[in-house]
Amino acid sequence: MLVVFKFLFLLAILVLSTLIGVAIAKKYSDRVNELQEIVTALEILEGRINYTYDTIPEIFDFISRHLKTNIKNIFEYTSEKLSINKNYSAGEIFTATIDEEKILLDLNESDVEIFKGLSVSLGQVDLESQVKNIRLIIRSLTTQLEEARKEKDKNFKLCRNMGAIAGILIMIILM
């Protein structure tokens, strides 16, 4: 009976350590997906600003309906807050929303700061300057996206496998 409990305990350690490795590896994959979604959202924003007469809240609402990751929450909440609160600029509300939601994102600090750069011209300057700023941010985020893909390629399997190896090592030590 004791042997069965010991085996189940060791098996649980192996499973838990493997799951921890998988969770860490997933963060690399999620960062790539979120950066890709931001680039997609900014391309939609650029097109809507250039070719429609929609307001920022309408554009952000449109964008949020076309995204799948947690990035959609930033656009959705910013749209809602802009519709309700007329005392703050779109940039201020966008920055505040990013600050509130960044804990739920798998982006690193430089990704977040580049994304916040959108707030500088959001609804504050002429159309041409807004579009230039959006293109600049897209270029910067594309660079971040390439780095994230390289990190994912390098670390995804490593983290996943290290969790399993750590579990096996702990099992051997406890035997």
Side-chain angles (χ1 to χ4, degrees), residues 21-160:
V22 168
I24 292 170
K26 187 176 181 310
K27 286 191 168 284
Y28 289 103
S29 178
D30 289 347
R31 179 176 176 227
V32 169
N33 293 338
E34 287 177 354
L35 284 170
Q36 184 61 53
E37 283 247 304
I38 293 172
V39 170
T40 300
L42 294 177
E43 289 170 346
I44 293 170
L45 177 64
E46 179 185 357
R48 301 289 288 194
I49 285 175
N50 270 330
Y51 302 112
T52 68
Y53 291 106
D54 292 345
T55 63
I56 298 293
E58 292 170 336
I59 295 172
F60 276 25
D61 182 55
F62 178 83
I63 291 170
S64 71
R65 287 185 271 125
H66 289 84
L67 301 179
K68 296 176 187 93
T69 65
N70 288 334
I71 299 300
K72 86 178 206 174
N73 295 339
I74 292 172
F75 289 96
E76 182 179 342
Y77 298 157
T78 301
S79 174
E80 290 171 4
K81 291 175 186 178
L82 283 170
S83 297
I84 295 169
N85 194 342
K86 305 293 182 191
N87 295 331
Y88 296 98
S89 72
E92 291 170 333
I93 292 175
F94 184 72
T95 299
T97 305
I98 290 175
D99 288 336
E100 291 169 8
E101 294 295 315
K102 72 181 176 183
I103 193 160
L104 302 174
L105 303 176
D106 290 307
L107 302 175
N108 64 29
E109 205 54 45
S110 62
D111 300 337
V112 171
E113 290 305 314
I114 292 169
F115 191 31
K116 280 184 184 179
L118 180 62
S119 66
V120 172
S121 68
L122 198 59
Q124 295 289 327
V125 293
D126 63 301
L127 182 73
E128 187 177 317
S129 297
Q130 284 186 50
V131 171
K132 283 181 183 178
N133 188 41
I134 292 168
R135 287 181 183 156
L136 174 66
I137 292 169
I138 289 172
R139 279 195 302 273
S140 298
L141 286 173
T142 302
T143 302
Q144 292 291 103
L145 179 60
E146 291 305 314
E147 287 177 26
R149 283 186 177 135
K150 287 177 186 174
E151 280 183 38
K152 178 189 168 200
D153 292 343
K154 183 174 108 178
N155 296 322
F156 186 80
K157 285 183 182 178
L158 176 71
C159 290
R160 193 180 60 204

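Start at 1 with the first residue, then count along the sequence. A quick note: this is a predicted structure, and the numbers were derived from the prediction, not measured.
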| said: Donor-acceptor pair, distance only, cut-off 3.5 Å: does the side chain of Ser64 make one with the backbone of Asp61? | reply: yes
Is Glu37 reaching over with its side chain to a backbone N or O of Thr69, donor-acceptor style, under 3.5 angstrom? yes
Residues Leu42 and Leu141: closest non-hydrogen pair is CD1-CD1, 3.7 Å
Applied to residues 84-109, the ring-ring contact (aromatic ring centres under 6.0 Å, His included) test, sequence neighbours excluded, yields Phe60-Phe94, Phe94-Phe115
All heavy atoms of Cys159 vs all of Ile24, minimum pair found to be SG-CG2, 3.7 Å
Shortest non-hydrogen pair, Ile56 vs Ala90, comes out as CG2-CB, 4.3 Å
| said: side-chain contact (heavy atoms from CB on, under 4.5 Å), that's the test. Do Thr40 and Ile71 meet it? Break it down for me. | reply: CA-CA 11 Å; Thr40 300; Ile71 299 300; over 6 Å; no
Looking only at heavy atoms, the pair that brings Thr95 and Ser119 closest together is OG1-OG, 2.9 Å
* Determine, stepwise, if the pair Glu46 / Ile138 fulfils side-chain contact (heavy atoms from CB on, under 4.5 Å). => CA-CA 10 Å; Glu46 179 185 357; Ile138 289 172; 4.0 Å; yes
Across all chains, not counting sequence neighbours, the side chain to side chain contact (heavy atoms under 4.5 Å, CB included) partners of Asp30 are Lys26, Asn33, Asp106
Between Ser110 and Gln144 the two heavy atoms that sit nearest each other are OG-NE2, 3.0 Å
Item checked: Residue pair Lys116, Asp99: steps toward the side-chain contact (heavy atoms from CB on, under 4.5 Å) verdict -> CA-CA 9 Å; Lys116 280 184 184 179; Asp99 288 336; 2.5 Å; yes
request  = Please test Leu105 against Asp111 for side-chain contact (heavy atoms from CB on, under 4.5 Å), starting from the C-alpha separation and ending with a verdict.
outcome  = CA-CA 10 Å; Leu105 303 176; Asp111 300 337; over 6 Å; no
Shortest non-hydrogen pair, Pro57 vs Ser79, comes out as O-OG, 2.8 Å
Does Lys150 form a salt bridge (Lys or Arg N to Asp or Glu O under 4.0 Å) with Glu146? I'd like the steps, not just the answer. CA-CA 6 Å; Lys150 287 177 186 174; Glu146 291 305 314; over 6 Å; no
